[in-house]
Every structure is written in C-alpha cells, then in structure tokens.
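Data block below; observations after.
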Amino acid sequence: MDLEKQKHAPVYEALQRLRRQRVVPFDVPGHKRGRGNPELVQLLGEQCVGIDVNSMKPLDNLCHPVSVILDAENLAADAFGAAHAFFMVGGTTSAVQSMILSACKAGEKIIVPRNVHKSVINAMVLCGAVPVYVNPDVQPRIGIALGMELSQLEQAIHANPDAVAVFVNNPTYYGICSDLRAIVNLAHAHNMLVLVDEAHGTHFYFNDTLPVSGMAAGADMAAVSMHKSGGSLTQSSLLLLNSSVNEGYVKQIINLTQTTSASYLLMSSLDISRRNLAQRGEVSFAKVMSMAEYAREEINAIGGYYAYGREICNGTSAFDYDVTKLSVYTRDIGLAGIEVYDLLRDEYDIQIEFGDIGNILAYISIGDRIQDIERLVGALADIKRLYAKDNTGMLSLEYIPPKVVATPQKAFYAKKEMLPLEDTHGRICAEFVMCYPPGIPILAPGEIITKDILAYIRYAKEKGCSMQGTEDPDVNKLNVLTED
Amino acid sequence: MEFWFSELHTGNVKMSIRCDRQLYSGQSDFQRIDVFESAEFGRFLVSNGSVIFSEKDEFIYDEMIVHVPMAVHPNVKNVLVIGGGDGGVARELSHYEEIEVIDVVEPDEMFVDVCREFFPDNAKGLEDPRVTIYNQDGLRALRTRHGEYDLIINDATDPFGHTAGLFTKEFYGLCYKALKDDGVMVYQHGSPFYDEDEGACRSMHSKAYRSFPICRVYQAHIPTCSAGYWLFGFASKKYHPLKDFDPKRWKKRAIQTWYYTTNLHTGAFMLPRYVEDLLEEAEDRNK
C-alpha cells in the first residue's frame, strides 16, 4: 500500500472543487442543491444536499469510470490488496450477487454453505445456477452454525467436479472464520473460483492480528461491507477482484442491475472511509479489539454469561475467530438471546445487533467509547440480577441436508399452488422456510419437502420459534410447485 | 472590557455571567474543563460549556444532597460518592463522625486536579482520611459491589454528556445491589422547568421509581442551574425521607449550614403542582 497516495480521496476532492466552482445546475437532481426542497435541507443539512449531485465530467460516472472514480477505485484496490475494486451503491447484496452472476451461468453448479445470506440464493434465481450445499457444523455448547469444514468441502468437490465456484461466508455474523487459505488451495486445484462474502470482514484488511482476509488468502472475489466495520454510509460497499478475474466482464455484470444515477454521498463516503482506514485503520481496530476483549472479560466476570473468544476455535469449522465481535451466550441464566435483546432495548435503552435462541451479538466498532461498553456490561449485570431464571431445556439445532431437485430459478418462476402443511409431503417447495433465528433455511426454492423436514417445522413452531420466508405468515400452508 | 461567559439553557434562553478572566482551559479524555473568575459568582467551573458549580452557589447543592439523607438514615457508615471529584460532597460528609468510609468514584483525574488547584475550599473535602478516590467509571465501580453501602450519592449532573451512564436503569439497578438492606441513594434529578429538560426528568423518576420501593423527589433553588430550579431524587430501600426524618437528632450535631435547615428539609419535599403531575405520570407509565 502506497501510504502517500492513500492520503488522497479523489471523489471527495472533486466534490470540493465543484463546490468552489459554484456551477449553475441545469441538470438533475431537481432539488438543485436543496433549494427546491427546504425541508430536505433542514433534515440533512446544506453540506449533505449540496453534494447530492449527478454524474458530470469533473465527477466521472460509476457506470464507466475513467477519472476520479477510477482513481478512487484504484486507491481502494491498493488499500485492500486487490487487483481491482468496484464501488458498489446497492449494498453488499449487490456485490454478492455480482460475484455469483460473474462466476456462474445457467445450469452451472456452485458450492455454498447452507447458512448463506438469502441474497446468494436470490442471485441464483436471477442467473439459474445450481446450488450444492455444504452442511455447516454446529457448535455444540452455544448452538451457532460455524464455518466451512475442509473435509466437507472436499466431499462436495468430489461429488461435483463440474462445479465452477465455491462460496464462503467469512467471517460469519458471529465472527467465525473458515480455513480460507486451505479452501482457496483446494478449490483452485479443481479449477473452481472462490467467492468470499466478507460483509463482516472489512477490518481484516487493516490489522495483521485479525484473521486472514479474502484477498490475502488468494480468493478470486470478495464482497466487503464498507458500511459495517469500515464506517461508510449504509448501502455503500466494495467488490474486490484478484487478477484471476476479468475486470471488464465483472463491470458488465454489475451494470446489468446497478443504477445509472449512483449517489455521490455513498461514493464519497466510500472514498473518505477508505482513506481513513488506510491511514488509521490499524490503530482504530486495535482499539476496537481491546474494547471487545475488555467487554468479554467484564461480562464473563458477572457469571452466568459466556462471552466467547478465540477459545472456541477448533482447527477446522472454526479455524479462526474475529475478536472484534462481542457474542454472548445467555442460556445459562435461563434467558434466550432474543429475550436479553428485548430487555436491553425496552428496559435499558440499548440497541444491540441481534439476539437468537442462545446468543446475543453486540456490534463494537470504531465509533464506540468505553463508557458505552460500561453501560452494556452494567445492563447485563442488572438483567441477570432481575430476570435470571432456571435454565430450561434448550431447543436443539438440527440440520437436515436438503434434496435439491430444481434450480432456485426454475422453482421461483414455476407454477405454484398453496397447500396445507400436511399435504406438502414429497412436493417441491417454491419458497424459503427459515427458523429465525438462526436464519438457516430449512427449505429453499427447489427442494423436496420430506417427512423429517415437516416434523422439524412443526417442532420448531411448537417451541415458539419465529418462522420466516413463507407467504403464509403462520406457516400453516406452503407454496409448492404444481405437479403438471 | 466586556467579557461574558454564556450558556444556553434552551435553544432560546441564555444565561450569561460577566467574567473577570479565564483561569484555566483543558481537554481531558472525558470533557473540556474551563475555570472562570467572575464578580457575581466568584470562580466557577464549566464542563463542555455547562456550569457545574460556582463558589457562590455550590453550598446549596452540596448541603442538600448530603444533609437530607444524613438526617433520615440513622446509621451511615459506608458512603459511595459517584462523580463528586470537586470534593464538595465529601466536605459536607466529613461533618459526620460516625461515617467510616467515603469512596469517591470520579473517572476523570484531570477534573480532580483542576478542582484541587482552583477550588481548594471544596477539594479540602478530599483530604479527609476516610476518603478514597477511585479513578474509575461509575458503572464499573458499582458492578462488583454487593450490599456494601449505607448511602450512595450520585453527584453527576448531565444525563446527556459523558455521565449519561449514571442516569440509566442499569445504574439504579446496580446502586440497589450495592446498597445494604436499609440503604439510601440520592441523585441529581435535573430541572423540570424547560420542555427540553422535562423528558430527562420524567425518565429518571420512572427508572428510579421502578428500582426502589421508596422514591421521592425534593427541590432546591440553585441560581446557575437551568431555570435556577433543581430537583434531587431520594430512593430508598427502607427509610422514608419524611416519616423517618429525625430533626432532633440532626440538630444535636450542630453542623454549620447556609442553606439546609430541618424546616427546609420537610418543605423541600413539597413540590409545585406541575412537578407532582409529571412525577405521577412517570410513575403510571408502563406500570
């Protein structure tokens, strides 16, 4: 990384120059620097609406960057150790979908872990790729899905030597990392691309003590949520490429669905966040790590809670752990993670990232202060004092390997009918069924509905799990493919 | 020379004090601290632009937050003061011989140093041999304490700044746990007058009321506070601030005061209608 060049932020600087030029706008957007919409100015401020401008010669164009956006993307590529970087303005969802659309064509197989974000399966609806699922290992004590186990991947590759790509979530929402270097070696040895969903891994690129990043491990593409740990505005993201991938083709793919009016608020936020990360990322994330470690120690000192760290690594499916994550197992004080989540928000005015059956996750970032950590720890201590109860039997997580008989695309566009749950046995499901949390699909479009799956859905409903993904909110009925 | 310090009490109301000179300005990890010298209020200390106390009116606040609980609780041995790095509260506590331990938790070391330098009359309270200063976050200090204190005084004033953690449900809960079975907590309750302060005032009462079996509010007139009108909270596990108030016992101590009297003690709990109303509403909400 060229630190001298990283001091620049080309998109941001071009916007500053434009402001000084006082150009009279006879182009879109129609609010004309806010003058046509005073209420918007009051809400967002003059600074903000003043840079909500359209592509023009001095500002370049995201659809076909040749000047300042290209320069900014090149600086981002240099900062992240990639051959090329694309600024994305449709969230990391658009980056993930562009990876899949670039790697697979209709009918081609892609190896994915079952606990993928739904954007991955949605991309397959768009392009007609066929998913080959690798079962996620489940941590026995805390009940969370782990990363991709190498032996499982090996099996999947041997059973599907014609697959074109391997997709990895790294890290998972909970901070679990797979053995990315070994996965890349294995996949490349079988001529498969490696696509990494690094939605929660921006910081891996800026501190050597954190787990290895996608680009450093030799992955071919990575989708990086700059707006999560990177500090940019919501919906801004990066798609990183290694030299093994044709940049021009990926750009065409991105332009299939990306807006032609990309927001300069989002792009400039990517630009200055990258500059900030390149210059101060290492120190900032060292501070985040120490705050998270401090919180872990203090929460574990309360007793009853288990704030886990590197000790949950097992050499395979939990190869490494992202210590900036603060996940806490709560079942031992007799409360589900989701209950603690609700108490924190309703009673203590503390909003955390999520709660599932057994865990909560508090997101610690470059914006946190130690006094806020004290509030979180204090609230957890008080919740234990006031609300702890007997630890009742925990819902065990079961994993039922899916039988994929139609591509997500075929199932999505096929003729469907809605049937009562008990009549769907043996039919092909046309929608997602997810037990949320943890959000791993029990069924995805194109999968056979088996007896085991129906039993599991009934059991999960009985236990009070929130079921999602179906058209019928109560999951008494399922959409299945018609039989003609 | 026209040299004025101004503080916005609301977006539309400003309090200004003519200053003679600025004695100090510094930035700690927690706050910007300024000290000014003025004709009307003597020296006064400012944190992030808000007056924390002045030589002229600090006695009101320090006396009211110490003598009211001390005249109710019959046997105070261990006291925890949260915030209070200026030493004013410790100074008032040092009048009581039966007190054995005064723990002062003040996260900001610089704040203590500045007070020692510019407000020696307050800071002398910190020289009492029973005082131990802990440079620690208040919530953190409380987490590990169980049933140790007879009295906790929350001396933090600002529910929105760096002391926001001391106006939360977890704070009242941790105080409850750190107190003995007959413990009392008193705390700053803000000013109820202006619309923008009223919400914080309601929310404090709502949280404390749900954490302690006895929870009453009392008032004082403090010129440098918002609207010159300030409330304190009295939260208690056992003693009622009026029913268990023992004026004779307190008078026997012959403590010299300038604001607090035993008559005033009772009167301070008699609140204006609009304050009673907002407190009652805070008690009713989400019952």
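Protein chains get the first letters and strands the later ones, always in sequence-line order, with residue 1 at the start of each.
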Grab the two heavy atoms, one from A/E298 and one from B/R140, that are nearest each other, plus how far apart they are. OE2-NH2, 2.9 Å

Checking heavy atoms, do the side chain of A/I350, its backbone, both or neither come under 4.5 Å from chain B? side chain

Minimal heavy-atom distance between A/Q371 and B/D137, with the atoms involved, is CB-OD2, 4.0 Å

Going by heavy atoms in the side chains, are A/D349 and B/K207 under 4.5 Å from each other? yes

With a 6.0 Å cut-off (strictly less than), is the heavy-atom count around CD of A/Q351, excluding the residue itself, greater than 12? yes

Please look at A/R375 and chain B and tell me whether the side chain, the backbone, both or neither of the residue comes under 4.5 angstrom of a heavy atom of that chain. both

Heavy-atom cut-off 4.5 Å, strictly under: side chain, backbone, both or neither for B/Y172 against chain A? neither

If you count heavy atoms of other groups shown closer than 6.0 angstrom to CZ of B/R32, is the number above 12? no

Could you state the interatomic distance from CD1 (A/I370) to CG (B/D29), rounded to the nearest 0.5 Å? 11.5 Å

A/D474 atom CG: more than 12 heavy-atom contacts under 6.0 Å: yes

Give, for atom CD of A/E374 and atom CG of B/L142, the distance between the pair rounded to the nearest 0.5 Å. 10.5 Å

Measuring from atom CZ of A/R385 to atom CG of B/L174, what distance do you get when rounded to the nearest 0.5 angstrom? 7.5 Å

Pick whichever of A/I383, A/V377, A/I373, A/D372 has the most heavy-atom pairs under 4.5 Å with chain B. A/V377

Please check if the number of heavy atoms outside A/Q16 that lie under 6.0 Å from its CD is greater than 12. yes

Give a yes or no on this: more than 12 heavy atoms of other residues, nucleotides or ligands lie within 6.0 Å of atom CD of A/E46. no

Using non-hydrogen atoms and a 4.5 Å limit, figure out which bit of B/R143 sits close to chain A: side chain, backbone, both or neither. side chain

Contacting moiety of A/L386, where chain B heavy atoms sit under 4.5 Å: side chain

